[in-house]
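Sequence lines set the chain letters: A, B, ... in the order given, protein chains first and strands last, and positions in each chain run from 1.
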Amino acid sequence: MWTSGLKIYKLMQRTKVADLLRSNEIGKTFTVKGWVRTRRGNKKVNFVALNDGSGINNLQIVVDMDQFDEALIRRITTGAALSVEGELKESLGSAQKVELHARKIEVLGDCDPEKYPLQPKKHSLEFLREIAHLRFRTNTFGAITRIRHAMIFAVHQFFNQKGFYNIHTPIITASDAEGAGEMFQVTTLDLENPPRNEENKIDYSKDFFGKPTNLTVSGQLEGELAALAMSEIYTFGPTFRAENSNTSRHLAEFWMIEPEMAFYDLNDNMDLAEEFLKYLIQYALDHCMEDLQFLSKRLQEEEKNKKASERSMELIEKLKFVLENQFVRLTYTEAINILENSKPNKKGKFQYPIQGFGTDLQSEHERYLVEKHFKKPVILTDYPKEIKAFYMKLNEDNKTVRAMDVLFPQIGEIIGGSQREEDYGKLVQRMREMNIPEEEMWWFLDTRRFGSVPHSGFGLGFERLMLFVTGMTNIRDVIPFPRTPKNAEF
RNA sequence: UCCUCAGUAGCUCAGUUGGUUAGAGCGGCGGACUGUUAAUCCGUAGGUCGUAGGUUCAAGUCCUACCUGGGGAGCCA
């Protein structure tokens, strides 16, 4: 799948498996290097499935048993690393078009089959999480890893094409005013014996930065600074939340994409969010089809014991469905009306009943709107100011703010964003109402004092996008090394 | 953090109202097979039943605490 397009392989010492599988250079000699998935066969002939991560499909190596030492053959076990030189031939088998008939085999790295945890059989995702250092070697994680790369690349390509600048916002921050959740503290102080001041409080003036610092929970505020000069920017960086969240949708360390655009109002913001998501999904369909097909089959296999009504939509169909349909846009107030008059609310089926304007929407409500009522992605806007962040622009009604949440089936909130409050006076007033310390935020407020303009932005949780695109159901399976409460292994 | 379910062989699981020597499939190993596709067939090894207490003549099974994992909720992306 990841091919040069040109015949670069002829210049290299080895050929990638994916390139070879698409090649029709029958009769020529190639060298491949990779890891053994399985070996099978008889006294006369053995078949080795070799994979080097270049694609979901393995290369079949045909080994004529007469031509090789039995001792060498015995070392070709699941997980072993090989270098194989041989002749490309049309395959007699039906599962692949071509195969490599081995002339020279070198075992680069042995793999003891009694100890190697990955066996040529199905493993549970939970087990693979415990051996995350090896799970790249499975079909599923190979596919996810390739798709993840493609999505990272597509994010940058999308914004680059639109003239956005990528900004590296700080990972260590002294600002605790973002209000986006619990933070991880960063310190070089001796925790066993920290320096103390006269009041016997910890003396942070002795800390590395001379004040308390944390890992960032969002690059948005710094992103706004850049946008109010560069017009359109985006960040794509790691984000840290020390929430004790134990769900299949939360990580303590995740990657977030945060575009911030000067001169965009809320509608422009929604247009961009929808175009962005559709671009990424289209990119996956255009560049990752084999991996998507594999994941689709995997998902259907996993769900075959479920009732038909509980099975998810076929993965590729689902992705196309999102591409082909406009996201539904409605206000929070309209959503509350729909929910109040909905069957589950009237029948008391909601765990949290809808109690008019001001009710914070629970995930059961969001799921009802997306999965039952509209049956397509929904963008909710204009939430009550009390349940949203201080920086969101206040509407004329003085009750709601220009927030937007993009809700996806199964995942819930995939994007959260808003038009920002650009009016200095209104922003300061909101900060006071919500007890945000103005003094610490002087640099943020300066943008509203000097040449302030309407602007907007949003945050996309990258792993939540990955959940949607891959059809995986646990966020720990779409990031190589998940960090969650009580888990920082590897 | 709360609710809920689970933890038995390398993996996935079964194990009856508590009863004597804890089972299966897959994987591993040995063998058979002239082209296999997670090959097939025959044979074989492999267990401190999550940890610590408790109840009982007797605990994989019952009770308590803790640990770990799954699902759901909250917080959110």
Side-chain angles (χ1 to χ4, degrees), chain A residues 37-49 57-66 74 77-79 89-96 99 101 111-131 138-139 178-182 217-220 237-258 273 301 350-352 360-367 387-389 405-408 411-417 458-468 473-477 479 484-487 489:
Chain A
R37 288 294 173 80
T38 61
R39 175 169 67 88
R40 53 182 175 266
N42 52 49
K43 265 185 186 160
K44 192 86 180 158
V45 61
N46 264 216
F47 302 94
V48 178
N57 296 310
N58 303 322
L59 177 67
Q60 172 153 285
I61 311 287
V62 182
V63 183
D64 185 343
M65 299 294 270
D66 294 339
R74 280 178 180 281
T77 58
T78 298
K89 290 190 178 179
E90 280 183 44
S91 179
L92 299 177
S94 55
Q96 60 281 314
E99 59 195 18
H101 287 244
C111 187
D112 184 345
E114 300 228 17
K115 292 179 183 149
Y116 188 54
L118 284 173
Q119 303 148 354
K121 58 162 291 198
K122 215 175 165 80
H123 289 294
S124 68
L125 295 169
E126 291 84 2
F127 173 66
L128 293 176
R129 258 171 243 156
E130 292 169 16
I131 52 165
T138 63
N139 286 331
E178 285 147 353
E182 293 293 312
V217 291
S218 165
Q220 179 197 318
T239 308
F240 307 89
R241 305 264 167 102
E243 300 286 347
N244 193 6
S245 295
N246 293 287
T247 79
S248 53
R249 295 183 301 282
H250 291 86
L251 292 165
E253 176 182 293
F254 63 100
W255 292 73
M256 189 155 64
I257 298 138
E258 295 179 288
E301 189 72 17
F350 284 142
Q351 196 188 334
Y352 299 88
D360 206 353
L361 296 181
Q362 306 294 322
S363 59
E364 59 178 342
H365 306 135
E366 295 178 349
R367 291 188 70 141
I387 59 174
K388 287 292 180 186
D405 283 2
V406 181
L407 308 178
F408 262 34
I411 291 155
E413 188 180 338
I414 194 167
I415 279 179
F458 60 81
L460 168 69
F462 184 63
E463 283 75 20
R464 292 208 178 156
L465 171 82
M466 282 295 297
L467 283 179
F468 187 75
T473 53
N474 193 313
I475 203 161
R476 292 158 199 191
D477 296 330
I479 187 167
T484 52
K486 299 280 182 290
N487 184 12
E489 192 73 43

* Taking only N and O in the side chain of A/Ser363, is any of them less than 4.0 Å away from OP1 or OP2 of B/rG74? -> yes

* Side chain A/Glu99 and base B/rG35 donor-acceptor under 3.5 Å -> yes

* Check whether the side chain of A/Glu126 and the base of B/rG70 form a donor-acceptor pair under 3.5 Å. => no

* Is it true that a side-chain atom of A/Thr77 and a backbone atom of A/Cys111 form a donor plus acceptor pair closer than 3.5 Å? -> yes

* Please answer whether the main-chain N or O of A/Arg37 pairs with a side-chain N or O of A/Thr78 as donor and acceptor at a distance below 3.5 Å. => yes

* **A/Arg129 side chain near B/rG70 phosphate (N/O to OP1/OP2, under 4.0 Å)** => yes

* Could you state the CD-C1' distance from A/Glu463 to B/rA77, rounded to the nearest angstrom? -> 9 Å

* Would you indicate, yes or no, if B/rG72 has its OP1 or OP2 atom less than 4.0 angstrom from a side-chain nitrogen or oxygen of A/Ser248? => yes

* To do: Please work out if A/Ile257 contacts a base, only the sugar-phosphate, or nothing of the nucleic acid, heavy-atom cut-off 4.0 Å.
  => nothing

* Asked: If you measure from the C1' atom in B/rU51 to the same atom in B/rG30, how many Å do you get, rounded?
  -> 38 Å

* Asked: Expressed as a whole number of Å, how far does the C1' atom of B/rG19 sit from that of B/rG15?
  -> 14 Å

* Does A/Arg74 place a side-chain N or O at less than 4.0 Å from the phosphate oxygens OP1/OP2 of B/rG30? -> yes

* Determine the interatomic distance between P on B/rC66 and the same-named atom on B/rC2; round to the nearest Å. => 10 Å

* Structure fact -> Letter by letter from the 5' end, nucleotides 37-44 of chain B scores (B base, S sugar-phosphate only, - none; protein heavy atoms under 4.0 Å) BBB-----

* Asked: Under 3.5 Å, side chain of A/Asn487 to main-chain N/O of A/Glu489, donor-acceptor pair present?
  -> yes

* So, A/Ser218 and A/Glu258: side-chain donor and acceptor under 3.5 Å apart, yes or no? -> yes

* On a plain distance test, is the side chain of A/His250 in donor-acceptor contact with the base of B/rC76 below 3.5 Å? -> yes

* To do: Determine if A/Phe254 stacks with B/rA77; use a centre-to-centre distance below 5.5 Å and an interplanar angle below 30° as the criteria.
  => yes

* **Counterpart residues, ring-ring contact (aromatic ring centres under 6.0 Å, His included), relative to A/Phe458 (two or more places apart)** => none

* **Pair A/Asp405 + A/Lys388: basic N to acidic O under 4.0 Å** => yes

* Asked: Among B/rG69, B/rC75, B/rU12, which is the nearest nucleotide to the side chain of A/Asp360?
  -> B/rC75

* Can you tell me how far P in B/rU21 sits from the matching atom in B/rG60, rounded to whole Å? -> 10 Å

* To do: Can you check whether any acceptor in the base of B/rC76 is under 3.5 Å from a donor in the side chain of A/Ser245, or vice versa?
  => no

* Whole-angstrom distance between B/rU44 and B/rG23, as gauged at atom P -> 15 Å

* To do: To the nearest Å, give me how far apart OH (A/Tyr116) and C1' (B/rC29) are.
  => 19 Å

* Would you classify A/Tyr352 as touching base, sugar-phosphate or nothing, given that sugar-phosphate means primed atoms plus P, OP1 and OP2, and contacts are heavy atoms under 4.0 Å? => sugar-phosphate

* Sugar-phosphate, base or nothing in reach of A/Ile414, heavy atoms under 4.0 Å -> sugar-phosphate

* Donor-acceptor pair between A/Arg249 and A/Thr247 side chains, under 3.5 angstrom -> no

* Can you sort out the partners of A/Glu114 under salt bridge (Lys or Arg N to Asp or Glu O under 4.0 Å), two or more places apart, ordered by chain and number? => none

* Asked: Between B/rU34, B/rG70, B/rG74, which nucleotide has the shortest distance from any of its atoms to the side chain of A/Asn474?
  -> B/rG70

* What integer distance in Å separates A/Arg249:CZ from B/rC76:P? -> 13 Å

* Protein-nucleotide distance (A/Glu413, atom CD; B/rG74, atom P), rounded to Å -> 12 Å

* Taking the C1' atom of each, how far is B/rG18 from B/rG74, in whole Å? -> 40 Å

* Spacing between A/Phe240 atom CZ and B/rA77 atom P, to the nearest angstrom -> 16 Å

* Given the C1' atoms of B/rA9 and B/rG47, what is the spacing between them in whole Å? -> 5 Å

* Could you list the residues that satisfy ring-ring contact (aromatic ring centres under 6.0 Å, His included) with A/Phe127, not counting sequence neighbours? => A/His123

* Among all residues two or more places apart in sequence or in another chain, which pass the side chain to side chain donor-acceptor pair (under 3.5 Å) test with A/Arg39? -> A/Asn46

* **Atom-pair distance (CD on A/Glu243; C1' on B/rA73), nearest Å** => 14 Å

* For B/rA58 and B/rU20, measure between their C1' atoms and round to the nearest Å. => 9 Å

* Asked: Do other residues, nucleotides or ligands put more than 12 heavy atoms under 6.0 Å from the CD atom of A/Glu364?
  -> yes

* Structure fact -> Dot-bracket for RNA chain B, 5' to 3', Watson-Crick and G-U pairs with both distances under 3.5 Å, [ ] for crossing pairs, | for partner on another strand, reads (((((((..((((.....[...)))).(((((.......))))).....(((((..]....))))))))))))....

* Can any side-chain N or O of A/Glu463 pair as donor or acceptor with the backbone N or O of A/Trp255 at less than 3.5 Å? -> yes

* To do: Have a look at A/Arg367 and say if it touches a base, only the backbone sugar-phosphate, or nothing, with a 4.0 Å heavy-atom cut-off.
  => nothing

* Counting side-chain heavy atoms from C-beta on, which of B/rG28, B/rG35, B/rG74 comes nearest to A/Pro113? -> B/rG28

* Asked: What is the distance, rounded to the nearest whole Å, between atom CD of A/Glu130 and atom P of B/rG50?
  -> 15 Å

* To do: Starting from the 5' end of RNA chain B, give me the residue, A/Asn244 or A/Phe47, whose nearest nucleotide shows up first.
  => A/Asn244

* Look at the side-chain N and O atoms of A/Lys43 and state whether any lies under 4.0 Å from the OP1 or OP2 oxygen of B/rU34. => no

* **Nearest-Å distance for atom pair NZ/P, residues A/Lys486 and B/rG50** => 23 Å

* Given RNA chain B, 5'-ward residue of the pair A/Gln351 and A/Ile415, judged by closest heavy atom -> A/Gln351

* Structure fact -> Ranking B/rG71, B/rC75, B/rG27 by distance to the side chain of A/Gln119, first place goes to B/rG27

* Could you give the distance from CZ (A/Phe468) to CD1 (A/Ile411), rounded to the nearest 0.5 Å? -> 6.0 Å

